[in-house]
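Order of the sequence lines sets the chain letters (A, B, ...), proteins ahead of strands, with each chain counted from 1.
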There are 2 protein chains.
Amino acid sequence: MTAAVRHDDLRRRNRALVIAAIRRAGQPSRTDIARTTGLSHSTISAISADLIAEGVLAQAKGAEASSLKRGRPQIAIGINPEAAAILTVVLSLNSLSASLIDYSGNLVAEDHRRFSTLTASRANLMAETAAAVRRLLNHRGLAGRPVLRIVMAVQGITDSRSRALLWSPITMHSDIPFADALEEVAGIPVTIENDCSMIAMSLRWRNPERYRDDFIAILLSHGIGMGLMLKGSLFSGTHSSGGEFGHMIHQPEGALCRCGRRGCVEAYAGNYAIWRNARTGDENAPPAADISDADMASLAAEARRRDGPERRAFEKAGRALGYGLGNLFALIDPAPVCFVGHGASAFDLIEPSLRAAIAQTAGGQHSDSITFDTETNEMPLIREGCAVRALTFVDQEIFAPGNPAQQRLYGEMIA
Amino acid sequence: MTAAVRHDDLRRRNRALVIAAIRRAGQPSRTDIARTTGLSHSTISAISADLIAEGVLAQAKGAEASSLKRGRPQIAIGINPEAAAILTVVLSLNSLSASLIDYSGNLVAEDHRRFSTLTASRANLMAETAAAVRRLLNHRGLAGRPVLRIVMAVQGITDSRSRALLWSPITMHSDIPFADALEEVAGIPVTIENDCSMIAMSLRWRNPERYRDDFIAILLSHGIGMGLMLKGSLFSGTHSSGGEFGHMIHQPEGALCRCGRRGCVEAYAGNYAIWRNARTGDENAPPAADISDADMASLAAEARRRDGPERRAFEKAGRALGYGLGNLFALIDPAPVCFVGHGASAFDLIEPSLRAAIAQTAGGQHSDSITFDTETNEMPLIREGCAVRALTFVDQEIFAPGNPAQQRLYGEMIA
DNA sequence: ATTCTTTTTTTCGAGGCTCGAAAAAAAGAG
DNA sequence: CTCTTTTTTTCGAGCCTCGAAAAAAAGAAT
């Protein structure tokens with residue numbers, strides 16, 4: 001039983017629809033919007049007039065690429081970049097990077113620092129993050145725009161309400177309430193998300209042809225992460241952020257994993273596992289703390305050069321990933337997969353054994369037709385995913401609010 | 001971007017909401033409905049007046065359990081059983097059982113036959129099913145009610161559009177277009193669903209306290225099946241019915257499974273696997289075709305009586321199920337689990353090793369708090385799930401249609 | 001230069017829907 | 001027989017969307 005549909009929901013939802021259509025199309029005319037949304041011209045006219053009056057949208061004045069066609073020229077209409085701004089924060093191993101982004105999605109300012117996340121105290125981690133946020137909030141490029149939302153991405157497990165970092169490989173501390181801490185600093189809503197989920201958001205935004213309703217983003221890095229889009233919405237578990245693909249058990253009582261358990265996919269396919277298999281051959285050796293991309297690249301080069309333990313290690317990684325994906329496909333059916341991160345640059349070494357393993361599983365019945373994509377640099381994807389998520393929040397909650405209190409808040413902030 | 005919200009959708013959705021509220025509550029008053037739906041009294045009054053005029057609902061006349069309270073007595077309002085009927089068909093190993101059910105969910109007639117599904121030809125399977133449907137369509141208990149929907153449940157994999165049985169252990173044939181065949185016979189929409197999905201529907205209907213938005217139904221039988229409810233809707237894959245929990249790989253290159261692959265959960269936890277482990281100790285022995293419930297019961301009795309290969313076999317089953325569930329929990333977070341079917345009567349033998357295995361996995365961090373439920377007879381659940389699904393379809397598509405053509409069809413059928 | 005065409009955008013009135021308030025209905029309590 | 005209390009219905013206000021018609025703003029044609 002779905003919730004009751006009130007009368008005013010109609011306007012709210014259609015406003016959100018119009019904003020989303022414009023965000024996707026860039027600079028559409030009213031006629032374009034009517035076509036993509038399916039709403040009538042009159043409705044589009046009314047809604048866009050309201051949104052322009054509120055400063056959310058702006059008409060592109062002059063400078064039209066001319067029409068060359070007869071008839072009244074179309075008036076391009078776009079997101080008003082002055083309407084608001086949002087902030088993204090990406091915390092990763094020994095690196096903190098924050099960005100200020102205007103309401104139309106353009107980068108206004110960046111702030112990047114390196115510091116040792118592994119040795120930092122809880123308070124230190126929160127303080128560094130808060131300081132980065134504070135610096136950007138005071139940035140003069142803001143020019144009076146209200147900053148309405150912060151989305152932070154971290155590697156690790158967050159709680160389902162996106163308030164705290166429950167566990168992460170970048171620090172030994174757990175249950176760090178980043179959202180509360182940053183809300184206190186900024187006075188606006190903050191959520192903290194899993195980095196791979198943000199990668200999935202970004203893939204969907206960049207290439208909705210390929211990544212629409214169901215697809216999988218897998219981060220190949222020191223550990224293995226996953227972002228899962230199911231039926232058009234980001235899948236995260238009910239309690240935590242879920243999607244712990246890297247810690248599905250590939251081999252009961254198998255190789256020692258960084259998480260302390262045995263036989264996880266990550267214990268075969270994470271950088272440390274590949275390194276360990278290639279260099280020591282001992283699956284029970286304690287995982288190395290960090291392995292540079294350069295080291296991994298030379299390992300891959302060696303594996304390509306000759307048939308030896310290096311090549312074997314990448315094959316094992318492919319096998320573990322293949323069985324893991326096969327098990328996932330047994331549950332959710334095959335879907336497009338994108339391998340992201342520096343590890344994806346060695347995908348040629350991984351792919352044969354990965355495909356062979358998938359073919360052994362229930363999900364691998366059409367394993368030939370499964371396509372894989374790679375994207376070796378994850379950072380831009382993570383940031384873009386955060387931006388997309390934050391802007392969508394603002395679109396829906398502030399500019400098409402179900403609850404008048406939220407819009408009142410915006411009124412106060414721009415006053 | 002969601003679909004445009006048209007104005008008439010509002011009425012349609014609120015009509016569906018009212019029907020659902022009444023179906024759930026049984027015989028509520030208008031005031032009750034207003035409370036549970038959140039709609040205003042005026043709206044409920046208008047919608048229920050319409051629905052009564054259309055014959056969808058009926059006021060309980062007289063026979064009120066009296067009020068004992070002051071004030072105008074409440075008028076109980078209920079689903080009109082005369083408004084329509086639906087048909088459920090459950091095809092399982094060597095058994096076909098169909099039921100005629102009125103619009104308020106009461107059983108009108110049943111039709112049950114035994115025949116050998118394993119040896120039957122494709123045409124034979126479809127003909128038997130069609131004959132059962134035809135018999136019930138001509139049943140005099142129908143008394144002029146239009147039969148508006150058929151939902152059929154089968155063990156196995158169906159396509160995602162619920163039109164055909166792609167693969168099933170009860171027959172050697174594949175790609176059997178049951179939905180098309182029955183639609184030709186009955187002239188009304190037919191869908192074919194996985195039996196475990198219907199079990200999940202039924203559990204949710206029976207006990208929404210425990211089984212609401214996220215839960216898992218696992219059928220322990222000759223094979224292993226799963227019905228998965230995620231975020232309040234039945235999860236099935238994008239291409240096929242998905243949810244092939246029994247064929248997740250527990251042990252790469254492990255025991256021989258009925259499906260021809262190796263190491264599937266089912267190859268350790270299906271009846272044939274438990275039997276094989278207990279009696280031959282050879283994991284590669286070809287699976288027995290069928291093992292009676294009585295034989296499995298005596299195997300369980302023996303396992304309870306003494307520590308021997310029988311007990312070991314049940315332990316192995318628990319271990320495979322535990323790792324499988326743990327891997328599932330790694331992806332979707334722990335959720336309530338119900339073990340269904342005759343195999344659940346040996347759950348006491350399975351539970352210890354199952355819990356021990358879960359504790360080894362990423363999803364098992366709070367393995368103590370995970371609760372399991374058992375239900376040894378699956379047939380009533382499957383039938384009830386089909387009925388719930390069919391009635392919901394009728395509620396939404398016929399009596400609260402988005403498309404006037406559907407309602408016109410009903411008009412013709414009752415004329 | 002002025003008058004057609006064509007296309008986009010806005011305006012206007014009709015028709016629906018939900019809601020709150022008020023009225024009506026239908027009992028028991030005094 | 002009149003007062004309370006509770007449920008249900010009625011009625012008017014306020015929105016919202018839509019289609020049709022009007023207005024606007026160009027290029028094309030004369």
Side-chain angles (χ1 to χ4, degrees), chain A residues 2-18 22 25 27-53 57 59-77 400-402 404, chain B residues 3-18 21-22 25 27-53 57 59-77 400-402 404:
Chain A
T2 47
V5 184
R6 301 291 185 64
H7 203 213
D8 32 334
D9 283 348
L10 214 54
R11 226 328 146 61
R12 184 179 62 74
R13 290 183 55 177
N14 285 339
R15 279 170 65 106
L17 191 65
V18 168
I22 295 173
Q27 296 267 227
S29 69
R30 287 167 176 77
T31 309
D32 293 335
I33 303 169
R35 191 162 28 75
T36 59
T37 60
L39 293 167
S40 72
H41 283 192
S42 0
T43 304
I44 299 299
S45 197
I47 290 178
S48 56
D50 286 354
L51 289 172
I52 289 171
L57 303 179
Q59 287 194 178
K61 44 200 161 296
E64 270 135 283
S66 88
S67 38
L68 295 169
K69 283 189 309 181
R70 283 231 260 201
R72 180 174 178 172
Q74 301 188 351
I75 308 169
I77 191 170
Chain B
V5 185
R6 301 293 184 62
H7 203 210
D8 33 333
D9 284 348
L10 214 54
R11 225 330 144 64
R12 183 179 64 75
R13 290 184 52 177
N14 286 339
R15 279 170 64 105
L17 190 66
V18 168
I22 294 172
Q27 296 267 238
S29 69
R30 287 168 175 76
T31 310
D32 293 335
I33 303 169
R35 189 162 29 73
T36 58
T37 61
L39 293 167
S40 72
H41 282 193
S42 1
T43 303
I44 299 300
S45 197
I47 290 177
S48 55
D50 286 355
L51 289 173
I52 289 170
L57 303 180
Q59 286 194 181
K61 44 201 163 293
E64 270 134 283
S66 90
S67 40
L68 295 169
K69 283 189 309 182
R70 282 232 262 201
R72 179 175 177 172
Q74 302 188 349
I75 309 170
I77 190 171

For atom CD1 of B/I75 and atom C1' of C/dA24, their distance in whole Å:
12 Å
Axis bend over the full length of the helix from C/dA1-D/dT30 to C/dG30-D/dC1, computed from five pairs that close each end, to 10 degrees
30°
Which of these nucleotides, D/dT8, C/dC17, C/dT8, is closest to any side-chain atom of B/Q74?
D/dT8
Please give, in whole Å, the distance from C/dC17 P to B/H41 NE2?
20 Å
Among D/dT9, C/dT18, D/dG19, which is the nearest nucleotide to the side chain of A/S40?
D/dG19
Between A/R11 and B/I44, whichever has its closest DNA chain D nucleotide further toward 5' is B/I44
Checking contacts here: which listed nucleotide (D/dA26, C/dT18, D/dC18) is nearest the side-chain heavy atoms of A/P73?
D/dA26
Whole angstrom is fine here: how far is it from CG in A/L10 over to P in D/dC18?
8 Å
Separation of atom CZ in A/R35 from atom P in D/dC18, rounded to whole Å:
16 Å
Any idea which heavy atoms bring B/T43 and B/R11 closest together, and the distance?
O-NH2, 4.5 Å
Approximate separation, where rounding is to 0.5 Å, of A/S45 OG and A/I33 CD1:
10.0 Å
Find every protein N or O atom lying less than 3.5 Å from an N or O atom of nucleotides 12-15 of chain C, and list the pairs.
none

Taking only N and O in the side chain of A/T31, is any of them less than 4.0 Å away from OP1 or OP2 of C/dT9?
yes
What residues form a salt bridge (charged side-chain N to carboxylate O under 4.0 Å, His left out) with A/R30, not counting sequence neighbours?
none
Give a yes or no on whether the backbone of A/I44 and the side-chain of A/S48 come within a donor-acceptor separation of less than 3.5 Å.
yes
Just how far, in rounded Å, is P of D/dT17 from CZ of A/R15?
11 Å
Can you check whether B/N14 has a side-chain N or O nearer than 4.0 Å to OP1 or OP2 of C/dT18?
yes
As an exercise, state the distance from CD of B/Q59 to CD1 of B/I52, rounded to the nearest 0.5 Å.
4.0 Å
Residues that B/S42 engages under side chain to side chain donor-acceptor pair (under 3.5 Å), provided they are two or more places apart
B/S40
Salt-bridge test for B/D9 and A/R13: reply yes if a basic N is under 4.0 Å from a carboxylate O, no otherwise.
no
Extract from the structure each pairing of a protein N or O with an N or O of nucleotides 4-6 of chain C at less than 3.5 Å, listing the distance.
| residue | atom | partner | partner atom | Å |
| --- | --- | --- | --- | --- |
| C/dT6 | O2 | A/G71 | N | 3.3 |

Restricting to non-hydrogen atoms, name the atom on A/H41 and the atom on A/A34 that form the minimum distance, rounded to 0.1 Å.
CD2-CB, 3.2 Å
Which pair of non-hydrogen atoms, one from A/A60 and one from A/Q27, has the smallest distance, and what is that distance?
CB-OE1, 4.2 Å
Spacing between B/I47 atom CD1 and D/dT9 atom P, to the nearest angstrom:
13 Å
Atom CZ of A/R30 and atom P of D/dT17 are separated, to the nearest Å, by 16 Å
From B/I47 CD1 over to B/N14 CG, what is the distance, rounded to the nearest 0.5 angstrom?
5.0 Å
If you compare all heavy atoms of A/I77 against all heavy atoms of A/I22, which two are closest, and at what distance to 0.1 Å?
O-CG2, 3.9 Å
Pairs flagged by salt bridge (charged side-chain N to carboxylate O under 4.0 Å, His left out) wherever residues 35-45 of chain A is involved - sequence neighbours left out:
A/D32-A/R35
Atom-to-atom span, CG of B/L39 to P of C/dG20 - whole angstrom
11 Å
B/S45 has its side chain closest, among C/dT9, C/dT18, D/dT9, to D/dT9
